[in-house]
Amino acid sequence: MTTREQEVLELIKKNPQISQQELADTLGITRSSVAVHITNLMKKGLILGKGYLLQEQNYVVVIGGANMDIQGFSKNRFRLKDSNPGTINLSLGGVGRNIAENLAKLDVDVKLLSALGEDLHGKKILDECRKSGIDMSHCYFSTDTPTSTYLCIIDDQGDMAAAIADMEIHEKISIDFLREKSHLIQNASLVVLDTNLCSETLTFLLQSFPDTTFFLEPVSTAKSERVREHIGAFHTIKPNRLEAEALSGISIATKEDLRKAANYFLKKGVQRVFISLGEEGVYYGDPHEQSILIPPTLSVVNATGAGDAFMAALIYCHMEQIPLKETASFAAAASCLALSHEDTIHPLMNLENIERKKRELKL
């Protein structure tokens with residue numbers, strides 16, 4: 001590789017979307033010369049086609065919600081239609097964003113495709129995500145719609161008592177917007193979808209990228225319906241009991257019901273199923289084995305980030321080709337670690353602490 005080719009490559013690493021004219025202006029050479037260098041780099045396998053994706057990149061794309069979380073923690077038993085003493089915490093949230101931050105903490109190269117308003121909350125999310133190691137360069141920025149905000153009340157048991165979500169801006173993650181990101185999606189190691197995206201957008205992604213490995217975070221029972229007809233397009237899904245019922249049409253009350261639901265998804269084409277059962281553990285399966293993992297009883301500080309940590313751990317294990325049973329244990333340990341802190345994202349979430357938690361709980 002020549003010195004000039006190295007210079008071009010370094011600029012592309014910093015900004016994969018940089019144009020040939022911008023490269024030419026930065027380096028003080030002609031655009032035709034840049035075109036020659038690009039061709040040579042492609043022949044050498046150092047970049048891949050449109051968008052200048054780097055050959056050595058091994059990354060995850062998360063497409064979904066990013067918002068500001070306003071959490072109220074009730075000190076005593078929560079009472080409806082009454083003023084409850086407690087504390088209020090402002091933090092970054094959104095299912096897609098939360099998964100992305102957990103992935104960054106697990107040393108996974110992650111790129112977030114979400115929508116932010118050009119307001120104070122949007123700027124805060126952008127700055128903090130970049131500091132966390134999330135690539136935010138592919139997000140949509142809106143001047144006419146505010147950043148998504150999620151308001152929730154956490155009761156004295158650490159569970160959500162009520163919530164209101166203002167997420168209109170997620171409609172900006174449109175089919176046209178995602179078409180512009182096709183190269184990024186096609187070349188990802190895997191893509192995580194959360195169902196804050198509208199039905200049409202989810203259908204477009206699942207039908208337009210048949211060779212892409214998709215993971216599903218259902219988000220809620222109602223929103224999970226958006227992918228019910230396309231559930232077989234996902235490699236891995238992580239519904240809770242109610243979401244699994246909505247997606248499969250099977251009422252789940254017993255372990256046998258769990259087996260039936262898991263088999264329903266597997267027959268549709270899903271490769272790995274993890275059905276979250278809350279304090280009762282997780283039921284997991286693939287085409288070769290199924291089982292249930294029940295962690296010990298824990299003191300819960302905040303349950304809202306446990307599912308996002310679990311999903312990030314599943315993604316990490318898939319990329320590391322970790323077997324199913326070990327994946328379930330690792331993800332359960334990550335979830336238990338998340339439960340132990342009031343922040344949605346545990347500040348000490350990392351591979352070492354997950355392994356420590358796994359040993360501590362004998363998972």
For [X], give me all partners under salt bridge (charged side-chain N to carboxylate O under 4.0 Å, His left out), at least two apart in sequence or on another chain.
{"X": "K238", "result": "E217"}
{"X": "K172", "result": "D144"}
{"X": "D69", "result": "none"}
{"X": "E7", "result": "R4"}

Which atom names give the shortest non-hydrogen contact between [X] and [Y], and what distance separates them?
{"X": "F265", "Y": "S248", "value": "CZ-CB, 3.8 Å"}
{"X": "A165", "Y": "Y150", "value": "CB-CD1, 3.9 Å"}
{"X": "S224", "Y": "A246", "value": "OG-CB, 3.9 Å"}
{"X": "K357", "Y": "A333", "value": "CG-O, 3.6 Å"}
{"X": "V108", "Y": "Y316", "value": "CG2-CD1, 4.1 Å"}
{"X": "D109", "Y": "K111", "value": "OD1-NZ, 4.0 Å"}

For residues 288-298, tabulate all N or O donor-acceptor pairs below 3.5 Å that involve a side-chain atom, not counting sequence neighbours.
| from | atom 1 | to | atom 2 | distance (Å) |
| --- | --- | --- | --- | --- |
| Q290 | OE1 | Y283 | OH | 2.6 |
| Q290 | NE2 | N263 | OD1 | 2.6 |

Applying side-chain hydrogen bond (donor to acceptor under 3.5 Å, both in side chains) to D135 and S137, what does each step give before you reach the verdict? CA-CA 6 Å; D135 182 349; S137 62; 2.6 Å; yes
Go through the steps for L190 and M319 under the test side chain to side chain contact (heavy atoms under 4.5 Å, CB included), then give the verdict. CA-CA 9 Å; L190 65 87; M319 296 185 71; 4.1 Å; yes
Between [Y] and [X], is there a side-chain heavy-atom distance shorter than 4.5 Å?
{"X": "E280", "Y": "R241", "result": "yes"}
{"X": "F274", "Y": "P239", "result": "no"}
{"X": "V60", "Y": "I315", "result": "yes"}
{"X": "L216", "Y": "T195", "result": "yes"}
{"X": "I134", "Y": "L112", "result": "yes"}
{"X": "M136", "Y": "L116", "result": "yes"}
{"X": "V192", "Y": "I63", "result": "no"}
{"X": "M167", "Y": "H170", "result": "yes"}

Cluster link [X] to [Y], ILVMFWY, side chain under 4.5 Å:
{"X": "L361", "Y": "F330", "result": "yes"}
{"X": "L106", "Y": "L348", "result": "no"}
{"X": "V219", "Y": "L242", "result": "no"}
{"X": "I70", "Y": "I169", "result": "no"}
{"X": "L126", "Y": "L120", "result": "no"}

Counting N and O atoms only, with roles assigned by atom type, does the side chain of [X] sit under 3.5 Å from a partner on the main chain of [Y], one being a donor and the other an acceptor?
{"X": "S114", "Y": "G64", "result": "yes"}
{"X": "Y140", "Y": "L113", "result": "no"}
{"X": "E320", "Y": "C317", "result": "no"}

Does any pair with a residue in residues 227-262 pass ring-ring contact (aromatic ring centres under 6.0 Å, His included), and if so which ones, sequence neighbours excluded? F215-H235, H235-H318
Can you pull the ring-ring contact (aromatic ring centres under 6.0 Å, His included) pairs that have at least one residue in residues 68-123, sequence neighbours excluded? none
Ionic contact status for K131 with D127, cut-off 4.0 Å: no
Indicate yes or no: does E360 engage R356 in a salt bridge with an N to O separation below 4.0 Å. no
Once side chain to side chain donor-acceptor pair (under 3.5 Å) is applied, do any residues pair with [X], and if so which ones, sequence neighbours excluded?
{"X": "Q321", "result": "none"}
{"X": "S32", "result": "T30"}
{"X": "E22", "result": "S19"}

Does a donor on one side chain and an acceptor on the other come within less than 3.5 Å for R272 and T327? yes
Side-chain donor-acceptor distances from residues 334-341 under 3.5 Å, at least two apart:
| from | atom 1 | to | atom 2 | distance (Å) |
| --- | --- | --- | --- | --- |
| S340 | OG | L337 | O | 2.6 |
| H341 | ND1 | D343 | N | 3.0 |

From CA spacing to verdict: side chain to side chain contact (heavy atoms under 4.5 Å, CB included), L197, L205: CA-CA 10 Å; L197 305 174; L205 286 165; 4.1 Å; yes
Under the side chain to side chain contact (heavy atoms under 4.5 Å, CB included) rule, what do I237 and I275 come out as? Steps first, then yes or no, please. CA-CA 8 Å; I237 64 173; I275 302 176; over 6 Å; no
Return all side-chain donor-acceptor pairs below 3.5 angstrom for residues 83-100, not counting sequence neighbours, or 'none' if the list is empty.
| from | atom 1 | to | atom 2 | distance (Å) |
| --- | --- | --- | --- | --- |
| N84 | OD1 | R79 | N | 2.8 |
| N84 | ND2 | R79 | O | 2.9 |
| N84 | ND2 | D82 | O | 3.0 |
| R97 | NE | G93 | O | 3.2 |
| R97 | NH1 | E101 | OE1 | 2.8 |
| R97 | NH2 | E101 | OE1 | 2.8 |
| N98 | ND2 | G94 | O | 3.3 |
| N98 | ND2 | D308 | OD2 | 3.0 |

